[in-house]
S.K.: 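Have a look at the structure that comes next, please.
Below, chains carry the letters A, B, ... as their sequence lines are ordered, and counting in each starts from 1. Please read these numbers as outputs of a predicted model, since none were measured by experiment.
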2 protein chains.
Amino acid sequence: MAKLTATNASEQPFIPLMQELAGAFQAFSLYDAEGLRKSGSSLTPSQARVIFTLGGTDGMTCKDIGDLTLITKGTLTGVVDRLEEKGLVERWSVEGDGRKTIVALTRRGVRVYQKEFPRHIEFLKEKFDRLGAGDRKKAVELLQKIKGLF
Amino acid sequence: MAKLTATNASEQPFIPLMQELAGAFQAFSLYDAEGLRKSGSSLTPSQARVIFTLGGTDGMTCKDIGDLTLITKGTLTGVVDRLEEKGLVERWSVEGDGRKTIVALTRRGVRVYQKEFPRHIEFLKEKFDRLGAGDRKKAVELLQKIKGLF
DNA sequence: ATAATTAGGTACTGATAAGAACATATTGAT
DNA sequence: ATCAATATGTTCTTATCAGTACCTAATTAT
């Protein structure tokens with residue numbers, strides 16, 4: 001296999017896949033953000049991911065929140081800071097392990113979760129339901145494979 | 001169809017698809033950024049997308065660059081600013097249409113493109129080639145469908 | 001031809017984004 | 001028991017990111 005050059009590198013067959021992955025995620029992200037903006041919840045996409053992840057739990061560590069929301073820990077600190085300022089979450093340290101911090105929804109946070117989570121899922125469902133069950137299953141399977149490549 | 005509640009909304013079958021889409025894109029993005037970092041090119045992912053898009057052309061308008069790289073115009077101004085500071089691109093206005101600005105690679109920019117583009121494609125190819133041609137084609141097809149939902 | 005609209009770029013804002021350096025706490029190996 | 005290695009969060013830096021407002025130029029409608 002010859003070495004790639006600037007001219008022939010763009011002919012690699014995986015490039016369209018890379019572009020479509022970015023394009024699909026971008027289209028989804030814009031729609032996702034639009035729904036949150038129009039709901040009047042004043043939640044950013046990252047803030048909503050945290051609220052929706054904490055909903056129905058008694059609180060989780062930052063590490064667990066990060067693993068589920070894919071927000072890196074350095075970023076998560078700021079996101080939780082702003083949710084705390086809004087009075088939607090509270091933090092406390094755990095006694096058994098002094099390194100860990102528990103983040104949990106406040107009563108206000110629970111109310112926001114109960115109102116915004118179903119509303120936002122409904123908003124997304126409107127689009128996603130136009131994809132058939134077969135395509136959906138196959139897409140999940142392939143996206144898992146793609147994730148596993150890296 | 002009954003209205004969604006906070007408790008049953010999470011059972012919507014499209015949620016795993018949403019998660020896998022984000023997960024796959026995230027995994028790719030991290031690998032992509034890692035390759036650029038380790039190459040010593042000191043290009044950020046956005047900067048590299050612009051350089052790689054301009055490569056082999058005589059320059060393009062900001063609008064066209066934005067359409068191809070999926071970078072919104074407000075962001076693109078800053079990205080091009082930093083590439084200009086590094087001496088990799090230059091800007092000039094077009095005479096036929098006073099609104100447009102052409103961005104093109106400088107000689108240094110061309111050298112960076114010729115060196116980094118094949119190198120980076122090779123870096124990505126190593127992972128993407130582990131996906132079979134059938135899966136790749138099907139994934140492109142499904143991702144186009146997903147993009148089209150929104 | 002003039003006014004209203006659209007198009008292309010820039011400036012600005014608030015909020016991520018990832019990584020690196022740091023501080024502290026826990027765990028593991030010896 | 002002690003010391004190195006690991007784990008968890010925060011802080012800091014630089015760069016995106018999307019949106020909005022704004023500016024100028026071009027296009028369209030009347």
S.K.: Nearest nucleotide by nearest heavy atom, which residue falls closer to the 5' end of DNA chain C, B/D64 or A/K86?
M.R.: B/D64

S.K.: Expressed as a whole number of angstroms, how long is the span from B/W92:CH2 to C/dT10:P?
M.R.: 14 Å

S.K.: What are the 5'-most and 3'-most nucleotides of DNA chain D lying under 4.0 Å from any heavy atom of chain A?
M.R.: D/dA7 to D/dG19

S.K.: Return each pair, listed once, that meets salt bridge (Lys or Arg N to Asp or Glu O under 4.0 Å) where at least one residue sits in residues 55-64 of chain B; pairs must be two or more places apart or across chains.
M.R.: B/K63-B/D67

S.K.: Any salt bridge (Lys or Arg N to Asp or Glu O under 4.0 Å) pairs touching residues 9-19 of chain B, not counting sequence neighbours?
M.R.: none

S.K.: Contacts to DNA chain D from residues 41-49 of chain A, heavy-atom cutoff under 4.0 Å, which residues?
M.R.: none

S.K.: Taking only residues two or more places apart in sequence or in another chain, which ones pass side-chain contact (heavy atoms from CB on, under 4.5 Å) with B/T57?
M.R.: B/L54, B/M60

S.K.: Decide yes or no for A/V103 and A/L83: does some side-chain heavy atom of the first lie under 4.5 Å from some side-chain heavy atom of the second?
M.R.: no

S.K.: Which parts of nucleotides 22-29 of chain C does protein reach within less than 4.0 Å, heavy atoms only, written one letter per nucleotide 5' to 3' as B for base, S for sugar-phosphate only and - for none?
M.R.: ---BS---

S.K.: If you go through the side-chain atoms of A/T72, does one of them form a donor-acceptor pair with the base of C/dA17 closer than 3.5 Å?
M.R.: no

S.K.: Of A/D81 and A/K100, whose closest DNA chain D nucleotide lies nearer the 5' terminus?
M.R.: A/K100

S.K.: Who passes side-chain contact (heavy atoms from CB on, under 4.5 Å) against B/S46, sequence neighbours left out?
M.R.: B/T44, B/R49, B/I71, B/V79

S.K.: At 4.0 Å (heavy atoms only), tell me whether A/T77 reaches a base, stays on the sugar-phosphate, or touches nothing.
M.R.: base

S.K.: Report yes if some heavy atom in the side chain of B/F128 is under 4.5 Å from a heavy atom in the side chain of A/Q12; otherwise report no.
M.R.: no

S.K.: Where along residues 21-40 of chain B does a heavy atom come under 4.0 Å from DNA chain D, residue by residue in number order?
M.R.: none

S.K.: A/Y113 vs A/F117 aromatic rings, parallel, tilted or perpendicular, using cut-offs 30° and 60°?
M.R.: parallel

S.K.: Rounded to the nearest angstrom, tell me the gap between atom CD1 in B/I65 and atom C1' in C/dT10.
M.R.: 15 Å

S.K.: Pairs of donor and acceptor atoms involving the side chains of residues 142-150 of chain A, under 3.5 Å and at least two apart or interchain, shall be tabulated with distances.
M.R.:
from	atom 1	to	atom 2	distance (Å)
A/K145	NZ	B/D135	OD2	2.5
A/K147	NZ	B/E20	OE1	3.2

S.K.: If you take all heavy atoms of B/G59 and B/A104, which pair is closest and at what distance?
M.R.: CA-CB, 3.7 Å

S.K.: Relative to the 5' end of DNA chain D, which residue comes earlier, A/G74 or B/R82, by the nucleotide with the nearest heavy atom?
M.R.: A/G74

S.K.: Base, sugar-phosphate or nothing for A/T101? Non-hydrogen atoms, less than 4.0 Å.
M.R.: sugar-phosphate

S.K.: Given side chains that start at C-beta, do those of A/K86 and A/S42 come closer than 4.5 Å, heavy atoms only?
M.R.: yes

S.K.: Which residue pairs satisfy the salt bridge (Lys or Arg N to Asp or Glu O under 4.0 Å) criterion with at least one member in residues 22-35 of chain A, sequence neighbours excluded?
M.R.: A/E34-A/K38

S.K.: Within the structure provided, determine whether B/R119 and B/K115 are in side-chain contact (heavy-atom separation under 4.5 Å).
M.R.: yes

S.K.: Within the structure provided, determine whether B/L36 and B/F123 are in side-chain contact (heavy-atom separation under 4.5 Å).
M.R.: no

S.K.: Any side-chain heavy atom of A/T61 within less than 4.5 Å of one from A/T101?
M.R.: no

S.K.: For the helix from C/dA1-D/dT30 to C/dT30-D/dA1, what is the angle between the axes at its two ends, each from 5 pairs, rounded to 10°?
M.R.: 30°

S.K.: Any chain of hydrophobic side-chain contacts (each under 4.5 Å) joining B/F52 to A/M18?
M.R.: yes

S.K.: Can you list every pair that meets side chain to side chain donor-acceptor pair (under 3.5 Å) and has a residue in residues 90-99 of chain A, with sequence neighbours left out?
M.R.: A/D81-A/R91, A/E84-A/R91, A/D97-A/R99

